[in-house]
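Read through the structure below, which is laid out as structure tokens, and then see the notes.
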Amino acid sequence: MSSFIDSLAPWPEDDFGAFGQVAPRPRSRMQQLVSQFLSRNWIRIPHVTHHDEIDVTELESRRTAWNAAHPGAKISPVIPVIKALALTLGDHPQFASSLDDRAEKLIEKKYAHIGVAVEVPNGLLVPVLRDCDTKPLATIAAELAALAEKARTKGLSLNEMSGGVMSVSSLGHIGGTGFTPIINASEVAILGMTKLRQQPRRAPDGTIEWRITLPLSLSYDHRVINGADAARFLIALRRMLDALTFDDG
């Protein structure tokens with residue numbers, strides 16, 4: 001890998017001040033660390049991103065009803081996706097694996113720990129929620145809120161960011177219609193979410209009805225996962241979300 005990097009053309013050394021006023025600003029230690037990890041992952045993992053948009057109208061109805069009935073708690077749109085993702089991994093073990101390229105083997109993990117990207121001052125941290133397939137939605141929501149707050153204020157321990165099987169990165173609170181999330185090594189896939197959208201659809205009686213859809217962007221390691229696998233995975237995730245209930249959470 002070092003020989004590949006060394007073979008690249010040198011980075012341009014521009015004198016930006018020759019064209020106008022500039023303001024040099026040092027990067028934080030957090031930004032430097034995140035940059036190192038993301039650069040490594042992008043260079044060493046052959047990324048492909050599969051985009052889809054799934055209908056979550058009924059899911060959103062159930063979620064908002066639960067929130068209305070539990071004023072002291074809140075389940076955001078990302079929480080059902082975390083739970084459904086954890087459940088879907090059980091039927092798609094290649095997405096819950098890690099590649100040992102030195103030994104030419106895959107290590108399949110039999111647990112469902114999900115990493116969730118959290119924006120922090122000058123950087124990004126990924127706390128890991130344990131056993132999301134067995135926990136109620138409300139528990140997942142409470143644990144994520146506590147870890148996100150700790151990440152923003154005190155920082156997280158290495159243990160709190162380790163052991164993830166697959167990660168989720170959500171921009172739904174900001175916007176967008178899709179993006180290419182970078183895989184968090186040594187995982188082989190990451191799921192990106194953007195903002196819920198109102199979309200028209202022809203009803204059975206020929207009229208137009210408005211549906212709520214969720215844009216998803218699934219980046220995967222093409223050494224481990226094929227395009228057809230990714231497409232089927234998001235279909236399975238959609239079915240899992242359709243079947244998800246809020247009774248236990």
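- For the pair Thr64 and Ser61, the tightest heavy-atom approach, listed with the atom from each and the gap, is OG1-O, 3.1 Å.
- Under a 3.5 Å cut-off, the side chain of Asp14 and the backbone N or O of Phe16 do not form any donor-acceptor pair.
- Heavy-atom contacts from other residues, nucleotides or ligands closer than 6.0 Å to CZ of Arg232 number 12 or fewer.
- Of the possible donor and acceptor atoms, one in the side chain of Ser98 sits under 3.5 Å from a partner among the backbone N and O of Ser186.
- Checking His51 against Ser217 by side-chain atom types alone, a donor-acceptor pair falls below 3.5 Å.
- With hydrogens and angles left out, the side-chain atoms of Glu108 and Ser97 include no donor and acceptor closer than 3.5 Å.
- No side-chain donor-acceptor contact under 3.5 Å links Asn226 to the backbone of Ala228.
- When the side chains of ILVMFWY residues are joined at heavy-atom separations under 4.5 Å, either directly or via intervening members, Phe179 and Val34 end up in two distinct hydrophobic clusters.
- Ionic pairing of Glu143 and Arg130 is not present here: no N-O contact between side-chain nitrogen and carboxylate oxygen is shorter than 4.0 angstrom.
- Across all non-hydrogen atoms, the minimal contact from Cys132 to Ile140 is O-CD1, 3.6 Å.
- Distance CG/Asn184 to CE/Met161: 10.0 Å, rounded to 0.5 Å.
- A salt bridge is absent between Glu58 and Arg63: the closest approach of a Lys/Arg side-chain nitrogen to an acidic carboxylate oxygen does not fall below 4.0 angstrom.
- Separation of atoms CD (Glu104) and CG (Leu99) is listed at 7.0 Å; rounding is to 0.5 Å.
- Ser219 has its side chain out of reach of Val48: every pair of non-hydrogen atoms, C-beta onward, lies at least 4.5 Å apart.
- Remark: of the listed residues Met193, Arg197, Lys195, Glu53, Met193 is the sole one forming a side chain to side chain contact (heavy atoms under 4.5 Å, CB included) with Leu214.
- In this structure a side-chain-to-backbone donor-acceptor pair under 3.5 Å is missing from Gln199 to Trp210.
- Closest approach of Met30 to Gly123, counting heavy atoms only: CG-CA, 3.6 Å.
- Side-chain atoms of His113 come within 3.5 Å of backbone N or O of Asp131 as a donor-acceptor pair.
- For the pair Val165 and Glu187, the minimum side-chain heavy-atom distance is 4.5 Å or more.
- A salt bridge does not link Glu149 with Lys154: none of the charged nitrogens is closer than 4.0 Å to a carboxylate oxygen.
- Put simply, Phe246 and Leu241 are part of the same group of oily side chains (I, L, V, M, F, W, Y) that touch within less than 4.5 Å, one to the next.
- Listed for the His47 side chain is a donor-acceptor partner under 3.5 Å among the backbone atoms of Ile183.
- Leu125 and Val128 fall into different hydrophobic clusters, where Ile, Leu, Val, Met, Phe, Trp and Tyr are joined by side-chain heavy atoms under 4.5 Å apart, directly or via other members.
- Taking hydrophobic clusters as Ile, Leu, Val, Met, Phe, Trp and Tyr residues chained together by side-chain heavy-atom distances below 4.5 Å, Leu124 does not share a cluster with Leu191.
- Taking both residues in full, the closest heavy atoms of His173 and Ser170 are given as CE1-O, 3.5 Å, listed atom of the first, atom of the second, then distance.
- Ring planes of His222 and Tyr220: perpendicular class, angle over 60° (limits at 30 and 60°).
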Chi angles and distances behind the side chain to side chain contact (heavy atoms under 4.5 Å, CB included) call for Gln94, Asp229: CA-CA 9 Å; Gln94 71 270 42; Asp229 298 325; 3.8 Å; yes
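- Rounded to the nearest 0.5 angstrom, Ile54 CD1 and Asp242 CG are separated by 7.5 Å.
- Using cut-offs of 30° and 60° for the angle between ring planes, the Phe233 and Phe95 rings count as parallel.
- Note that CG of Leu87 and CG of Leu237 are 9.5 Å apart. Values are rounded to the nearest 0.5 Å.
- A continuous path of ILVMFWY side-chain contacts below 4.5 Å connects Leu147 to Val78, so both sit in one hydrophobic cluster.
- The backbone N or O of Lys135 sits less than 3.5 Å from a side-chain atom of Lys83, completing a donor-acceptor pair.
- Two residues are said to be in side-chain contact when any heavy atoms from C-beta on lie closer than 4.5 Å; Val126 and Val116 fail this criterion.
- Considering CE of Met240 and CG of Leu89, their distance stands at 9.5 Å, rounded to 0.5 Å.
- Atom NZ of Lys109 has more than 12 neighbouring heavy atoms from other residues, nucleotides or ligands inside a 6.0 Å radius.
- Without hydrogens or angle criteria, Ser169 side chain to Gly192 main chain gives no donor-acceptor distance under 3.5 Å.
- Judged purely by distance below 3.5 Å, without hydrogens or angles, the side chains of Thr207 and Asp205 pair a donor atom with an acceptor atom.
- Here the side chain of Asp221 pairs no donor or acceptor atom with the backbone of Ala189 at under 3.5 angstrom.
- Each of Leu218, Ile82, Thr88 was scored for a side chain to side chain contact (heavy atoms under 4.5 Å, CB included) with Met166, with one residue passing: Leu218.
- A salt bridge is absent between Asp55 and Arg238: the closest approach of a Lys/Arg side-chain nitrogen to an acidic carboxylate oxygen does not fall below 4.0 angstrom.
- Other residues, nucleotides and ligands place more than 12 heavy atoms under 6.0 Å from the CD atom of Glu160.
- Distance check, rounded to the nearest 0.5 Å: CD1 of Ile43 to CD1 of Ile45 gives 11.0 Å.
- In terms of the side chain to side chain contact (heavy atoms under 4.5 Å, CB included) criterion, residue partners of Ser39 (sequence neighbours excluded) are, by chain and number, Ser35.
- Under a 3.5 Å cut-off, the side chain of Thr49 and the backbone N or O of Thr180 do not form any donor-acceptor pair.
- Taking the side chain as every heavy atom from C-beta outward, Val168 and Leu85 approach each other to under 4.5 Å.
- Salt-bridge check for Glu60 with Arg62: failed, with every basic side-chain N at 4.0 Å or more from each acidic carboxylate O.
- Taking every heavy atom of both residues into account, Ile75 and Ala141 meet most closely at CG1-CB, 4.4 Å.
- Salt-bridge check for Glu209 with Arg202: failed, with every basic side-chain N at 4.0 Å or more from each acidic carboxylate O.
- Contact between Ile190 and Ile182 at its shortest, heavy atoms only, is CD1-O, 3.5 Å.
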